[in-house]
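Here's the structure, in structure tokens; my notes come after.
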Number of protein chains: 2
Amino acid sequence: MENFYTNDNCPIRDVLSRLGDKWSMLVLVTLNANGTMRFCDVHKAIADISQRMLTVTLRTLEADGLISRKVYAEVPPRVEYRLTELGESLMPRVQMLVDWALEHMGEIMKHREVMVK
Amino acid sequence: MENFYTNDNCPIRDVLSRLGDKWSMLVLVTLNANGTMRFCDVHKAIADISQRMLTVTLRTLEADGLISRKVYAEVPPRVEYRLTELGESLMPRVQMLVDWALEHMGEIMKHREVMVK
DNA sequence: CAGCATCCTAACTGATACTG
DNA sequence: CAGTATCAGTTAGGATGCTG
């Protein structure tokens, strides 16, 4: 029986614990579609995220090296976010998942309704 | 500015709320690698999942139509799980994500260490 | 063997108020 | 504008005991 992931140091769990939270992938997709964005622009694009969660999400993605954060010494302050090369290298893979979701969403919904009983 | 997901009915959020939990993708990858498996075999393959969460995860995946559940009328009982066609269609996309994780894990770890300060 | 029911904790998330 | 701090609610997840 194949069991190719030890419980520690498992890349599947690791990447998913980051991308699988409520907002990370949405932020990545947004930055990928729009390029460089200011904090408030990201917030407008994802209207129902709280300011706190947007900050937390952006900082986590930055810590992983998926996005970069550039602060301008201006008043009022300006902060710009964009994908790094590492982040960009991930996007085609994410896109494939999103495409699959779009394609098969109807089918999944149909299944769920049947299972509700 | 591109904003291609309404807050409701967003396929990205939907697919991720399912695949992005702690165990779903791990179960899918396990079934994909081993084919048909009994409950206890899945449990052995993913040693540190609790029985409860394994049950919950399997039922959710079944409800979405990604795996099938076949109960044999035997004593002791036997239940076999395997990917459906829908589930199998998802696996190549998941695999690309896993491959990316394996490739870039080192880089991500390096970033995290720097950011801890 | 393959589960379900119950209880419990910790983590995630949101609302609100405040600041450089 | 782009945050931080605090508080409170919700939910994911784990431990345990029991059953067909």
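In what follows, every chain begins at residue 1, and chains take the letters A, B, ... in the order their sequences are listed.
Partners of B/E80 under the side-chain contact (heavy atoms from CB on, under 4.5 Å) rule, at least two apart in sequence or in another chain, are B/T36, B/R38, B/Y72, B/R78. In this view, B/D99 satisfies the salt bridge (charged side-chain N to carboxylate O under 4.0 Å, His left out) rule with no residue, not counting sequence neighbours. Among residues two or more places apart in sequence or in another chain, the side-chain contact (heavy atoms from CB on, under 4.5 Å) test is passed with A/T55 by A/F39, A/R59.
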Using the 3.5 Å cut-off, write out each protein N or O paired with an N or O of nucleotides 8-10 of chain D and the distance between them.
none

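Between A/L58 and A/R69 there is no side-chain heavy-atom pair separated by less than 4.5 Å. Proximity of B/W100 to A/L86: side-chain heavy atoms (C-beta onward) are separated by under 4.5 Å at one or more points. Within the 4.5 Å cutoff, side-chain heavy atoms of B/L61 are placed close to those of B/S24.
If you run side chain to side chain contact (heavy atoms under 4.5 Å, CB included) between A/L83 and each of A/L66, A/L90, A/L28, only A/L28 comes through.
Rounded to 10°, the helix from C/dC1-D/dG20 to C/dG20-D/dC1 has 50° between the axis fitted to its first five pairs and the one fitted to its last five.
Between the side chain of B/H43 and the main chain of B/I49, a donor-acceptor pair closer than 3.5 Å is present.
Nearest heavy-atom pair across B/D14 and B/S17 is O-OG, 2.8 Å.
Within 6.0 Å of atom CD in B/E74, more than 12 heavy atoms from other residues, nucleotides or ligands are found, so the atom counts as buried in its surroundings.
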Once each nucleotide of nucleotides 2-18 of chain C is scored for protein heavy atoms under 4.0 Å, what B/S/- sequence comes out, 5' to 3'? SBB-B------BBB---
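Atoms CD (A/E62) and C1' (D/dA2) sit 14 Å apart, rounded to a whole Å.
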